[in-house]
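One structure is given below, encoded as C-alpha cells.
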Amino acid sequence: AATAPGGAEAETVIVHKGMLRALGWRRLAATLTAATAVMANDVFVIFRRGAVQSPPDGGINAHLAPLLAFCRQWQSVSDTAAPGGRAVIASAWNLGNCGDDAVSLAAAAMCRRLGFKEVTLLGPSGPLERIEGAGLVLLGGGGTLYDSDIQNVANYTAPLRFAAACGVPFAALGVGTQGIRSPFGRAAYHEALAGAAVITARDGTDVSVLRDACDLPSTEAGADLAFALPELEPHWFAPVPRPSRARPLALLSIGYTRETPGLQGETLLRSILGLARSIGQTHELLLARHSTDDAAVHAEAARILGIRDLDLAALGVPMAITAYAQADLVVTSRYHGAIFAALTGVPVAVVCNATAKLGRLVNQALPSLSPAMTPLDESGSPLLDGQELARQARPAAPAEVAAQRNAAQAGEARLASALQTPRALGIAPARATPTPAIRPPVTVPVSSIPAATPTPPAPPQPWHPA
C-alpha cells in the first residue's frame, strides 16, 4: 500500500485495512478514483486499474465500507481554534448529498475562524437541545429553503426559532431558495429569519425571493460557501498527480434535481447512456454520483456501460474534490459539480436550463461558462452530444472564481462584525461599555494524519455530529 495508480508501475494496489493511517487519505483517494476492487477479505482489498466488476460483486463492495469510513473521518476542520463557545450548524449534513456536506463543512470552518472552539453539525432531525447554551446557530448554506415539502420548512426554521427562544444569536450564510411560493412558506421563513444577525444568499434571484417574497429586506448578496473551501481548507486542494492514461478522463455527474422532477428514472438513465456512449468514443469514463437520489440510475448505467460509479457522498468532500482534480473533462448537471470543477480548474460543460439554480450560477457568477451550457428538459431532450459538449467545455475564469470566494468570505466578515456588535444582535449595549474591536479570524492550520498504530483509533472529531 505504498503506492497508488498513477504510473505504469502501479496497475495493482493492495490495501491493508489496518494500515489506512500509514497509507493516508490522498493515496487511498487516488486508488478509489483510478481503480476497481477485484478481490477482498477481512484484511485486504485488492484494486486493479482498468478492471470492471461484471456483474457488480456485493461481497467485494461490502469490504469497501472501512475504506469509505476512513475517508469520511478525515473531512474535518482542524481542532485548533481560539477559545470560545459552541456554534451549531443547521444544514442538510450527512444526508447523502456531497454538495450539502461541502457547504456544511465550509460553515463549520468559518465558525472555527470566528473563534468557536466547538462546532456541532445538526442535521434536519438533530436534537434541538444542542442549541441551548450555544454562542451561535448558523444556517449553513445550500439550497435548503423551499416550501414544496412542509417538513423541509420545519427542518430549517425550527433550529432558528429555538435559538431565538433560547436567546442564542443566529444567522444564515450562502443560502439558496428552490421555490418559496405559498403564503405559509413565506410567513414561516420570514418569522424564522427576521431576527437573524446576518442573511446572505448565494445569487441575485435568491436575494430577491428573500427580500421581496419573504419580507427580509436585510438579505445581502453572497455566494455558495463551497467557493470558500480553498481558503478554509487549503490542504484539500494540494496538487494532485494525474495518472498516465491512454485516453483523457471524462467525469460525468448527471443527476436528478428538484427543478426538473421529470428527469429521473428511465429518462435520466437514457440521457446518461446517450452522453456516455458519445463521449466514450474519445474519453475514458467515470460516473460521479453526488446524491443518493441517483444511486439506482447510476448503478444501472455503470452496469450497462461497464464503467465505475463513484459515490462522492460516501467518499467525503476532500476525496470528491480530488476526483474532480484528476479529471481532464467534467460534464455535470449538478450545482456543486460545476463549483468543484471551477475550484480545481478543470474544463467543464454544464447541462441545465438557464433559469435553474445551476443556470443562474453560470449566468450570474461564472459567465465565462455560458458558452459551455447546454439545456436539458424533463423529457431528456435534446439528446446530449458528448463530442459537442467536450468541444464547448472550458475552465471557469479564475477572476470569477476568486470573486465568488471573496463574496462567500464577505458574509463571514459581516457575521464576525455582528457577533462583536451587540446592537446588530438586538441587544442594547451598556453606555459605559464601548463596542469591542473586531477580532481577526483565526487561521485554521493544516491538519496532519497521525502515525499508524496496531489498532488505530478513530481520528478526533472537531465537532459533535448530532
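In this structure, Leu68 CG and Leu32 CG are separated by 6.5 Å, a value rounded to the nearest 0.5 Å. Atoms CG and CG, on Leu216 and Leu193 in that order, are 5.5 Å from each other to the nearest 0.5 Å. Separation of atoms CG (Asp385) and CD (Gln392) is listed at 8.5 Å; rounding is to 0.5 Å. With values rounded to the nearest 0.5 angstrom, Gln404 atom CD is found 11.5 Å from Leu225 atom CG. If you take SG on Cys98 and CG on Leu312, they are separated by 5.0 Å, rounding to the nearest 0.5 Å. Once rounded to the nearest 0.5 Å, the distance linking OG of Ser104 with CG of Asn94 reads 9.0 Å.
Residues that satisfy the ring-ring contact (aromatic ring centres under 6.0 Å, His included) test with Tyr189, not counting sequence neighbours, are absent from this structure. Partners of His298 according to the side chain to side chain donor-acceptor pair (under 3.5 Å) rule, which considers only residues two or more places apart in sequence or in another chain, are Asp309. Scored by the side chain to side chain donor-acceptor pair (under 3.5 Å) test, Arg391 finds Glu388 as partners (sequence neighbours excluded). Scanning for ring-ring contact (aromatic ring centres under 6.0 Å, His included) contacts around His290 gives Tyr324, Phe340, with sequence neighbours left out. Not counting sequence neighbours, the partners of Arg334 by the side chain to side chain donor-acceptor pair (under 3.5 Å) test are Asp294. Shown here are the side chain to side chain contact (heavy atoms under 4.5 Å, CB included) partners of Glu191, two or more places apart in sequence or in another chain: Arg161. By the side chain to side chain contact (heavy atoms under 4.5 Å, CB included) test, Asp215 is found to be paired with His190, Pro217, residues two or more places apart in sequence or in another chain being considered. Looking at residues two or more places apart in sequence or on another chain, you find a side chain to side chain donor-acceptor pair (under 3.5 Å) between Ser182 and Asp147. Judged as a side chain to side chain contact (heavy atoms under 4.5 Å, CB included), and not counting sequence neighbours, the contacts of Ala90 are Leu139, Pro159. Residues that satisfy the side chain to side chain contact (heavy atoms under 4.5 Å, CB included) test with Asp203, not counting sequence neighbours, are Thr205, Asp206, Arg360, Gln364. Residues passing the salt bridge (charged side-chain N to carboxylate O under 4.0 Å, His left out) test with Glu220 are Arg414, sequence neighbours excluded. For Asp328, the salt bridge (charged side-chain N to carboxylate O under 4.0 Å, His left out) criterion is met by Arg242, Arg245, not counting sequence neighbours.
Side-chain contact between Ser218 and Val198 is absent, with no heavy atoms from C-beta onward closer than 4.5 Å. Contact of the Ile279 side chain with the Leu329 side chain is registered, since non-hydrogen atoms from C-beta on lie closer than 4.5 Å. Between Leu252 and Leu275, some side-chain heavy-atom pair lies under the 4.5 Å cut-off. Taking 4.5 Å as the limit, every side-chain heavy atom of Ser91 sits out of range of all side-chain heavy atoms of Thr144. A 4.5 Å side-chain heavy-atom check between Ile199 and Leu173 finds every atom pair outside the cut-off. With a 4.5 Å cut-off on side-chain heavy atoms, Leu310 and Leu287 do not count as touching. Residues Arg202 and Lys357 are in side-chain contact: their nearest non-hydrogen atoms beyond the backbone lie under 4.5 Å apart. For the pair Phe237 and Leu229, the minimum side-chain heavy-atom distance is below 4.5 Å.
For the pair Leu138 and Ala107, the tightest heavy-atom approach, listed with the atom from each and the gap, is CD2-CB, 3.9 Å. Minimum heavy-atom separation, Ile272 to Ala301: CG2-CB, 3.9 Å. The two residues Ala201 and Thr219 make their nearest non-hydrogen contact at CB-CG2, 4.1 Å. The two residues Ala134 and Val88 come nearest to each other via the heavy atoms CB-CG2, 4.0 Å. What you find for Leu232 and Ala106 is that their closest heavy atoms are CD1-O, 3.5 Å. Residues Arg86 and Gly133 share a closest heavy-atom pair of NH2-C, 4.0 Å.
Side-chain N or O atoms of Asp101 include none that pairs as donor or acceptor with a backbone N or O of Trp93 at under 3.5 Å. At distances below 3.5 Å, at least one donor-acceptor pair connects side-chain atoms of Asn97 with backbone N or O atoms of Asp100. Remark: the backbone N or O of Ala397 is paired with a side-chain donor or acceptor of Ser368 at under 3.5 angstrom. Using a distance-only test at 3.5 Å, with no hydrogens or angles considered, a donor-acceptor pair links the side chain of Ser333 to the main chain of Gly255. One N or O on the side chain of Ser208 and one on the backbone of Gly204 form a donor-acceptor pair closer than 3.5 Å. Judged purely by atom type and a 3.5 angstrom limit, Thr33 has no side-chain atom pairing as donor or acceptor with the backbone of Ala30. The closest donor-acceptor contact from the side chain of Thr120 to the backbone of Leu122 lies at 3.5 Å or more, if one exists at all. Put simply, the side chain of Glu284 never gets that close to the backbone of Pro248: no donor and acceptor are under 3.5 Å apart.
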* Asked: Can you check side-chain contact (heavy atoms from CB on, under 4.5 Å) on Leu28 and Met319, steps first, answer last?
  -> CA-CA 9 Å; Leu28 183 56; Met319 277 53 70; over 6 Å; no
* To do: Determine, stepwise, if the pair Ile180 / Val153 fulfils side-chain contact (heavy atoms from CB on, under 4.5 Å).
  => CA-CA 10 Å; Ile180 305 176; Val153 178; over 6 Å; no
* To do: Carefully, step by step, assess Thr177 and Tyr146 under the rule side-chain contact (heavy atoms from CB on, under 4.5 Å).
  => CA-CA 6 Å; Thr177 65; Tyr146 55 89; over 6 Å; no
* What do the steps show when you test Thr344 against Ile321 for side-chain contact (heavy atoms from CB on, under 4.5 Å), and what is the final call? -> CA-CA 8 Å; Thr344 53; Ile321 291 168; 3.9 Å; yes
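Ion pairing of Glu231 with Arg113 is present here, as a side-chain N (NZ or NE/NH1/NH2) and a carboxylate O approach within less than 4.0 Å.
Cation-pi check for Arg130 over Phe162 is not met; the charged atom does not lie both under 6.0 angstrom from the ring centroid and within 45 degrees of its normal.
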